[in-house]
Amino acid sequence: MSKKTTFVTQPYLPPLEEFIPYLEEIWQNKWLTNNGQFHQQLEQALCDYLGIKHISLFSNGTLALITALQTNKINGEVITTPFSFVASTHSLWWNGIKPVFCDIEPNTFNIDPDKIESLITPATTAIMPVHVYGNPCNVHKIKEIADTYGLQLIYDACHAFAVEINGESICNWGDLSVLSFHATKVYNTFEGGAIVSHDEKTKKRIDYLKNFGFAGETRVIAPGINAKMNEVQAAFGLLQLKYVDQAIEKRKNIAEMYRENLAGRDGLILLNDFPNVKHNYAYFPVLIRKNEYGKSRDEVYELLKKNNIYSRRYFYPLISQFPVYNSLESASIRNLPVATKIAEQVLCLPIYPELSLSTVEDICSLLNR
Ligand SMILES: *Cc1c(COP(=O)(O)O)cnc(C)c1O
């Protein structure tokens, strides 16, 4: 067993020398932020790559989420999932919106559309689902509910860069979709994020809001925020985009190796690939059921750690369990039986482009022991 420490993820960096010319150009132009040339180029390149109409770049995904809710003036109550990264629900809190937690599906870990309707009240204005691990939500059913009740639909697509359903970007679903380009994600700009919108007017409004609400030199149309992506980030994003297909391909090989080695092990449950979906292999979650497997999830987590393998218990605890949210009625574990169980059993195994297949084999033999 190697002594080398393995983390759950590691960013994929392009060759440093390829980044230098971008920096030289920034130094020459002295245009560091505020919709510079690399920012404009990256927006166009991402529209082309993802197959979407409009994108607005942000300094990070959390500010993009907060601004997406501002864009469509969402208030009151929003139905969301407790099984996600805390920033999903925090973005509601920062808008003074009451989060209403909905249970998840046992086979996808995404918000359960069949449980949304009973949570709708006169105060509900929107649904904010998350494509957890980059696996698409049941977008058809969720859209039908949103349309029927006249609710906005804002997707947290922070895990779902480059994911497609039936050959089309997942970000074409919902009123707005939010991406994160944080260092730990499939595609990164160190820190970064974006809102995908579907018409020019909305794109314009988002761009005003991320720049203090300025709609011209002397015109301010709203109390906007400062959430602009700078030129160094945007330039890095352009370079990184050249390597992202290669990065996803390497992730795919690792996911396949895990599957080959772990399928059929009693008490160790893998998520199935989804039909008609192009995956990005952002995460490799497994469920560990102590009764059949012999060890609990936490025991497996510790065993791996002892062998210098740092897996992560994404997502545990549930967002609804944190002190700021746990007194909400919808946070009660009686209302969230599936999410509560999954959070106790789930473990995300290391997956990143430069993770060697021999380390994957080592991890699998530890798990199969
Ligand atoms: C990473 C992430 C965010 C936050 O994005 P940042 O760019 O880190 O601010 C929000 N939601 C989910 C589901 C995430 O994984």
Side-chain angles (χ1 to χ4, degrees), residues 7-12 42 46 55-70 78-95 97 99 101-102 104 108-111 126-137 153-163 170-171 173-174 176-196 206 210 225-230 232-234 236-237 240 251 279-285 312-320 322 324-325 339 342-343 346 348 351-352:
F7 294 104
V8 74
T9 190
Q10 182 182 287
Y12 191 54
L42 183 58
L46 286 170
I55 195 166
S56 302
L57 301 176
F58 277 74
S59 48
N60 63 62
T62 304
L63 284 168
L65 276 171
I66 290 171
T67 307
L69 296 161
Q70 284 280 321
V78 169
I79 297 169
T80 190
T81 172
F83 191 76
S84 180
F85 182 60
V86 280
S88 307
T89 304
H90 283 355
S91 70
L92 299 173
W93 191 93
W94 276 76
N95 278 287
I97 294 165
F101 296 110
C102 179
I104 60 173
T108 69
F109 312 165
N110 285 325
I111 197 165
I127 309 170
M128 194 175 77
V130 181
H131 302 297
V132 178
Y133 307 134
N135 291 321
C137 292
L153 189 44
I154 312 290
Y155 276 104
D156 179 338
C158 286
H159 292 176
F161 187 84
V163 171
I170 186 103
C171 294
W173 289 86
L176 299 171
S177 287
V178 175
L179 294 164
S180 167
F181 307 148
H182 183 258
T184 54
K185 306 296 207 272
V186 165
Y187 166 80
N188 87 82
T189 56
F190 283 50
E191 293 264 7
I195 303 178
V196 176
I206 296 166
K210 75 174 189 188
I225 197 154
N226 179 6
K228 303 184 299 289
M229 178 180 279
N230 69 49
V232 177
Q233 288 172 289
F236 185 80
Q240 184 81 331
R251 287 174 172 276
H279 288 276
N280 65 3
Y281 309 93
Y283 300 83
F284 199 88
R312 288 299 295 265
R313 287 165 285 189
Y314 291 144
F315 290 99
Y316 165 85
L318 295 175
I319 301 175
S320 48
F322 292 114
V324 265
Y325 304 121
I342 302 292
V346 74
C348 283
I351 186 165
Y352 53 88

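Atoms within each ligand, like the ligands themselves, are counted from 1 in listed order. Heavy-atom basis, side chains included; hydrogens, waters and symmetry copies ignored.
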Short N/O distance, under 3.5 Å, between [X] and ligand 1?
{"X": "S84", "answer": "no"}
{"X": "S180", "answer": "yes"}
{"X": "H159", "answer": "yes"}
{"X": "G61", "answer": "yes"}
{"X": "H182", "answer": "no"}

Please write down residue, atom name and distance for the protein heavy atom closest to [atom].
{"atom": "atom 2 (C) of ligand 1", "result": "K185 NZ, 3.0 Å"}
{"atom": "atom 9 (O) of ligand 1", "result": "T62 OG1, 2.6 Å"}
{"atom": "atom 11 (N) of ligand 1", "result": "D156 OD2, 2.8 Å"}

A student checking ligand 1 against S88 at a 4.0 Å heavy-atom cut-off should list atoms 11 (N), 13 (C)
Per-atom filter on ligand 1: closer than 4.0 angstrom to a heavy atom of G192 are 7 (O)
Closer than 4.0 angstrom: is that true for some heavy atom of G193 and an atom of ligand 1?
-> no
Is there a donor-acceptor contact under 3.5 Å from the side chain of [X] to the main chain of [Y]?
{"X": "N280", "Y": "F161", "result": "yes"}
{"X": "R312", "Y": "V8", "result": "no"}
{"X": "D156", "Y": "L65", "result": "no"}
{"X": "N188", "Y": "T184", "result": "no"}

Modelled atom types, side-chain donor and acceptor of H90 and Y325, under 3.5 Å | yes
Does a donor on one side chain and an acceptor on the other come within less than 3.5 Å for N226 and K228?
-> yes
Exactly one candidate in T62, V178, L179 meets side-chain contact (heavy atoms from CB on, under 4.5 Å) with C158; the answer is V178
Nearest non-hydrogen atom to atom 12 (C) of ligand 1 belongs to which of C158, A194, A160?
-> C158
When the ring centroid of F315 is compared with that of H159, is the distance short of 6.0 Å?
-> yes
